[in-house]
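See structure below.
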Number of protein chains: 2
Amino acid sequence: MLSSLTLTIPENIYIKDPQSSKLGRRILEFSIILIDKIGIEGFTFKKLALEIQSNESSIYRYFENKHMLMLYLVSWYWGWLEYKLVFSTNNLTDKKEVLCRAISAITENPKKDESFGFIDEVALHQIIIHEYSKIFQTKDVDEENQNGYFIIYRRLIDRLSQLILDYNSDFKFPKMLANTILQGALKHNFLNQHFPHLTDNNQQNCEHIKIYFQTLTFKLLD
Amino acid sequence: MLSSLTLTIPENIYIKDPQSSKLGRRILEFSIILIDKIGIEGFTFKKLALEIQSNESSIYRYFENKHMLMLYLVSWYWGWLEYKLVFSTNNLTDKKEVLCRAISAITENPKKDESFGFIDEVALHQIIIHEYSKIFQTKDVDEENQNGYFIIYRRLIDRLSQLILDYNSDFKFPKMLANTILQGALKHNFLNQHFPHLTDNNQQNCEHIKIYFQTLTFKLLD
DNA sequence: ACAAAAATAAAAGTATTACTTTCATTTTCA
DNA sequence: TGAAAATGAAAGTAATACTTTTATTTTTGT
């Protein structure tokens, strides 16, 4: 992966661009580690400030509140998935292979060493698995959607559903299937970690999630 | 529906059984209406007390906190779905029809008039659509799972995955498919309400969700 | 019908959270 | 080097999520 690449996040999500300063990057880097450790409920800007030897009020100069910080991290994650999807299907012509690899890119878990700058993707992936629903399941969804906070997710759905249509243009539910794969992969990771008896997994890894969604997709489309 | 039926909720979820007293039933009835109106984040026992002309401290004698109340409501919802599922497939012999109707029971939205006692199922369904993830996506999942708080959901998954296996005993992912249907139906309802451009729906109702999951299931299993 | 027990209500108190404000200090960079 | 911008320290505020105490009402057994 190209470590000099930067993902662009909608401007109105932050007050000051955290990728533009050292403190900002420390906020991103350590908020991921801290939220992964103690969960979004227990996480406060005060604790984060302590962790990075900075100050509560300084963090508030980057993000309005922890919800906006989470929105930033979630957008970053979707942007990163989009990048992985595009990168892994680039230059391929066979439509089945493209779709198959796209599903792999989405459902495979990040590895420790494929780090993208100062972001710990493994920890971020864990955060998304555990917290992503809370981000849009609020009373303010509609307003936040109007503000364009979820635009990267939308782009990802559009892209994946287009690959689905490229493969089978008669299929009636391309966007629903795209959502099923993207959100389902996260959900099944969660089940795998906390409710193993609610899954059909008998190995340690999450290979079965990839297989499941590939099987489902091609059974549906073929 | 039999209006004298009562759903049994695990005892350790509540301090005092809310179905056992008038105040308790008012707590359930109006918490559903209030949470639906203002969302779980804005909901407090103080506001609920005001609504039902009772007192904050009295509500705390029924539930330890609002999280436990939500756990109660979610359990009630899963229990109710289980009841609908069993009721709608009772006495049928054809396995395809059983599975098909089971999916209908799960993915069809409740109607105003099929009220079960003092519970407003339409409002409860809305709450579940908007809040159900928050209930188990916490740092305490594992502990709460140990306490048996999610037992009704487990029973529902077991039941649905058994119907899937009854129809096709070779299928390798019955539990994952059961989860996909149950949680996916809720998720797609949410998308339909707040992100219509992320769905493939061109009508007002949610028929397409049922059709989608039935198509998906039988394409996978046939 | 009545006393004891249980349930409920009212009010006040506490610790924490999620910020905001003000002002001082440090860093940046033109 | 000096002005502007960024950061830090500390104190303040309103709301939340409870807990506690005490008073009042309701229920229940006899």
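Protein chains get the first letters and strands the later ones, always in sequence-line order, with residue 1 at the start of each.
Heavy-atom nearest nucleotides on DNA chain C were determined for A/Lys47 and for B/Arg61, and the one closer to the 5' end corresponds to B/Arg61. When each of B/Lys66 and B/Ser57 is assigned the nucleotide of DNA chain D with its nearest heavy atom, B/Lys66 is the one assigned upstream, toward the 5' end.
Ring-centre distance between A/His130 and A/His194: below the 6.0 Å cut-off.
Set against D/dG8, D/dC18, C/dT8, the side chain of B/Ser58 has C/dT8 as its closest nucleotide. You'll find that the side chain of B/Asn55 is closest to C/dA9, out of C/dC19, D/dT7, C/dA9. Residue A/Glu56 has its side chain nearest to C/dT20 when only D/dG8, C/dT8, C/dT20 are considered.
A/Asn201 places none of its side-chain heavy atoms less than 4.5 Å from the side chain of B/Met176.
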Q: Please report the C-alpha distance between A/Tyr60 and A/Phe45 in whole Å, then the side-chain angles of each, then the deciding distance to 0.1 Å, and finally whether the ring-ring contact (aromatic ring centres under 6.0 Å, His included) criterion is met.
A: CA-CA 8 Å; A/Tyr60 275 107; A/Phe45 279 0; 4.9 Å; yes

Q | A/Phe136 and B/Phe190: CA distance, side-chain angles, deciding distance, ring-ring contact (aromatic ring centres under 6.0 Å, His included) verdict | A | CA-CA 10 Å; A/Phe136 46 82; B/Phe190 184 86; 5.7 Å; yes

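Nucleotide C/dA10 holds its P atom 11 Å from the CG atom of B/Leu50, rounded to whole Å. In this structure, A/Ile27 atom CD1 and D/dG8 atom C1' are separated by 13 Å, rounded to whole Å. Whole-Å rounding puts the B/Phe45 CZ to C/dA10 C1' distance at 18 Å. As a whole-Å value, the separation of B/Asn65 CG from C/dA15 P is 20 Å. In this structure, B/Met68 places its CE atom 11 Å from P of D/dC18, rounding to the nearest Å. Atom CG of B/Leu48 and atom P of D/dT16 are 14 Å apart (whole Å). Rounded to an integer number of Å, the gap from CD of B/Glu41 to P of D/dA15 is 18 Å. For the pair A/Phe63 CZ and C/dA18 C1', the interatomic distance rounds to 17 Å; values are reported in whole Å.
Within a 6.0 Å radius of NZ in B/Lys46, no more than 12 heavy atoms belonging to other residues, nucleotides or ligands are found.
In this structure, B/Tyr62 reaches the C/dT8 phosphate: one of its side-chain N or O atoms is under 4.0 Å from OP1 or OP2. Between C/dT8 and B/Ser54, no contact under 4.0 Å exists linking OP1 or OP2 to a side-chain N or O. For D/dT16, neither phosphate oxygen OP1 nor OP2 lies less than 4.0 angstrom from any side-chain nitrogen or oxygen of B/Lys46. Contact between the side-chain N/O atoms of B/Lys16 and the OP1/OP2 oxygens of C/dT8 is found at a separation under 4.0 Å.
The residue A/Glu64 sits close only to the backbone: its heavy atoms come under 4.0 Å of sugar-phosphate atoms, none of a base. Within 4.0 Å (heavy atoms only), A/Tyr60 reaches at least one base atom of the nucleic acid.
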